[in-house]
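To start, the structure under review is shown below, and the notes come after it.
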Amino acid sequence: MAKLEAGEEIRNIRIKKVEELREKGINPYPYKFDVSHFSEDIIKEFEKLSSSEEVVSIAGRIMSVRGHGKTGFGHVMDSKGKIQVYIREDQAGKEGIEIFKMLDIGDFIGIKGKVFKTKTGEITIVVNELTLLAKAIRPLPIVKEKEEDGEVTVYDAFSDKEQRYRQRYLDLLVNPDVREVFVTRSKIISFIRRYLENLGYLEVETPVLQPIYGGAFARPFMTHLNVLNMKLYLRIADELYLKRLVIGGIEKVFEISKDFRNEGMDRKHNPELTMLEFYEAYKDYNYIMELVEDMLSNVTREVCGTMKIKYKNMDIDLTPPWEKLKYYDSIKKFTGIDVEKYDLNDLKKIAKDNDIEIEDFWDRGKIIEKIFDEKVEDNLINPVFLTDYPIDISPLTKIHREKEGIVERFEVIIAGGELANAFSELNDPIDQRQRFLKQMEMRDKGDEEAQVLDEDFLTAMEYGMPPMGGVGIGIDRLVMLLTNSPSIRDVIFFPAMRPKA
RNA sequence: GGGCCUGUAGCUCAGGUGGUAGAGCAGCGGCCUUUUAAGCCGUUGGUCGAAGGUUCGAAUCCUUCCAGGCUCACCA
């Protein structure tokens, strides 16, 4: 042992117990155990199980122990909940009691026995056979609960956020709410998948490793492919590959994927994030708006039981129809500034007058976007479709059919945050090339997040791309909203953390 | 990156105008055949985030560093 670590003593005692068990002929790590019921089933089917005197078998971790000499109580936790077990020597034998006395909280055990109710009315399994399934040699954080008039008071909750994120398995074991959040996350993703499949969408997988990254504004992660001695990027979006597939005739396509953005980490950002993107040929952004509204309001009802939810201290109603507001009108509404009337120099001055920091090389669109982010976004609590964005900040979006300088794009803002971003997709290859060139110009001027010209993508487009609508939806943000989680770290099992010192 | 705050036993936390540490739970040894924050008796356990400094003496004061939280900025 190179170094004595904290808790070494407890660990040594437990290792000694493992040896003792082996000496007694008990395998502390056997291979299997047949489970007949989950804890929850036993509680639900109690009447039947107790009158038939059926022997049930369950497995799980022992989470509390109360010994009483030749008897003892404890709670066993499995994937569906907890149930009390009661052991007594005249039922489980001397060996049973012996094993029971050597148990530590956190050990996996298997129980065979009949179901009954204690005199305090708790459904309990009386142990006929106790099998140790796996000995734990580190102590679990102990959480004690007291139930009084239906109110559960938690003592010594495992609450250190750093440790909870770093050792999520402990967090999951000990804090039941955490599991709930992730179960909901899974339900949300599964609902969306079914929803799109029912509409005839095909789920696909496109490259994570890309020679040229694109489809969003973000700094990428870089890596290297040894065999071809080439630089590769981890994707920041799926967009350009999914569009290639639509070009290839897959007219309704979606992907749920991890994207990677080499940017700051905070309550709303994690370097790897889960993104849903879907594209449908022959549709425009109006259609996508309807679809997104229907999908998100229904997934909300599915997992929350209602479309009226609470997020932090906000009451949010996702019942359709959602408000529609033109992007420029939203700025007018909350700042009084009619950005359309001003040219680049005017806007620079307005930004300065409003204490909005901008870079010299920025174009109109970037400045307008910044004004929006600073002054408008936080005010939008209930779902709103913001429509018709400046062309400068939307290089993959088709120009507006009626008005110059803007594009057919919308974002969904809920609770002051962007949840979805969608376009009538640009399918004119000549225009697309121009937009890329403009982005390259911005990059040369110092915009590190400007998009990169993708010749291979342009080639694909030049073979003909149907008109289409498409959208990207941040799944982590959606899960945050629907589980009332204030931080993105609460909806990602293993959020990015600095390595421990 | 800025500001504020935190880091003491396995967990949750006290202590702190400087005199090398405490509680509850967990653990360990007992007693106990319906307990449930079980109880009762006894008891172990900590280089007080790290390093350096001031001092006769530092968990406490100072500096730097590390990790984290909140917040602002940045961030499609």
Side-chain angles (χ1 to χ4, degrees), chain A residues 4-14 16-17 63-75 82 84-92 97 101 104-106 116-122 124 126 136-148 152-167 170 174 215-219 236-237 239 259 261-271 273 275 356-357 359 366 369-370 372-374 377 389 393-396 409 411 417-421 448-451 472 474 477 486-487 489 497-501:
Chain A
L4 277 182
E5 53 178 301
E8 190 79 11
E9 196 192 352
I10 289 178
R11 197 162 158 268
N12 285 336
I13 289 166
R14 299 241 186 138
K16 208 171 280 171
K17 281 189 191 173
M63 295 303 280
S64 61
V65 177
R66 297 175 291 281
H68 293 260
K70 293 187 175 67
T71 71
F73 288 88
H75 278 90
K82 282 184 195 176
Q84 179 165 263
V85 297
Y86 173 48
I87 188 165
R88 43 189 295 162
E89 194 184 90
D90 56 13
Q91 298 264 333
I97 287 287
K101 286 189 169 169
D104 290 292
I105 288 169
F116 78 110
K117 254 185 198 172
T118 61
K119 64 185 180 191
T120 56
E122 181 163 352
T124 302
V126 61
I137 61 171
R138 284 181 192 260
L140 239 45
I142 305 295
V143 173
K144 295 227 166 188
E145 291 169 350
K146 184 183 188 175
E147 209 180 316
E148 224 168 8
V152 180
T153 316
V154 178
Y155 296 83
D156 302 337
F158 179 57
S159 56
D160 184 276
K161 283 199 180 176
E162 179 178 357
Q163 211 179 337
R164 287 180 48 209
Y165 296 143
R166 287 190 195 277
Q167 295 181 283
L170 297 179
V174 147
F217 296 93
R219 277 177 283 247
I236 60 171
E239 177 153 353
D259 291 348
R261 296 183 180 178
N262 210 337
E263 316 255 8
M265 284 161 57
D266 62 29
R267 216 168 61 249
K268 285 179 168 179
H269 300 85
N270 193 63
L273 54 134
M275 185 72 90
I356 294 169
E357 277 182 48
E359 306 276 350
K366 274 224 144 211
E369 184 181 37
K370 181 81 177 188
F372 172 84
D373 287 347
E374 296 258 316
E377 192 167 26
Y389 281 65
I393 54 169
S394 315
L396 302 167
R409 167 179 172 189
E411 287 194 0
E418 173 197 338
L419 198 65
N421 183 19
E448 287 184 65
E449 280 152 9
Q451 299 195 13
R477 301 243 178 116
S487 168
R489 291 182 154 183
M497 299 286 282
R498 214 175 242 111
K500 260 179 131 171

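No hydrogens, no waters, no symmetry mates; every other heavy atom, side chains included, goes into these values. Quick note on labels: first sequence line is chain A, next is B, and so on, each numbered from 1. None of these values were measured; they are calculated from a predicted model.
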Under 3.5 Å, N/O pairs linking protein and nucleotides 11-14 of chain B:
| from | atom 1 | to | atom 2 | distance (Å) |
| --- | --- | --- | --- | --- |
| C11(B) | OP1 | Q163(A) | OE1 | 3.2 |
| C11(B) | OP1 | Q163(A) | NE2 | 3.2 |
| C11(B) | O2' | D156(A) | O | 3.2 |
| U12(B) | OP1 | S159(A) | N | 3.3 |
| U12(B) | OP1 | D160(A) | N | 3.2 |

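Applying the side-chain contact (heavy atoms from CB on, under 4.5 Å) rule to A136(A) yields the partners R14(A), D107(A); only residues at least two apart in sequence or on another chain are considered. Take T124(A) and apply the side-chain contact (heavy atoms from CB on, under 4.5 Å) test, not counting sequence neighbours, and it matches Q84(A), Y86(A), F116(A), T118(A), E122(A). Among residues two or more places apart in sequence or in another chain, the side-chain contact (heavy atoms from CB on, under 4.5 Å) test is passed with M265(A) by P271(A), R489(A), A496(A). Take A237(A) and apply the side-chain contact (heavy atoms from CB on, under 4.5 Å) test, not counting sequence neighbours, and it matches A216(A), D259(A), R261(A), E277(A). Listed by chain and residue number, nothing satisfies the ring pair (Phe, Tyr, Trp, His ring centres under 6.0 Å) test with F217(A) (two or more places apart in sequence, or in another chain).
Donor-acceptor pairing under 3.5 Å, judged by distance alone, is absent between the side chain of D266(A) and the base of C75(B). Donor-acceptor pairing under 3.5 Å, judged by distance alone, is absent between the side chain of E122(A) and the base of U34(B).
Put simply, CD on E449(A) and CZ on R219(A) are 4.5 Å apart, with the number rounded to the nearest 0.5 Å.
At the phosphate of U34(B), neither OP1 nor OP2 sits under 4.0 Å from any side-chain N or O atom of K117(A). The side chain of K370(A) places an N or O atom within less than 4.0 Å of a non-bridging phosphate oxygen (OP1 or OP2) of C75(B). Within the structure, a side-chain polar atom (N or O) of R267(A) is placed less than 4.0 Å from OP1 or OP2 of U71(B).
Nearest-nucleotide positions on RNA chain B for T118(A) and G215(A) put T118(A) closer to the 5' end.
Of the candidate nucleotides G68(B), G10(B), A37(B), G68(B) has the atom lying nearest to any side-chain atom of R498(A).
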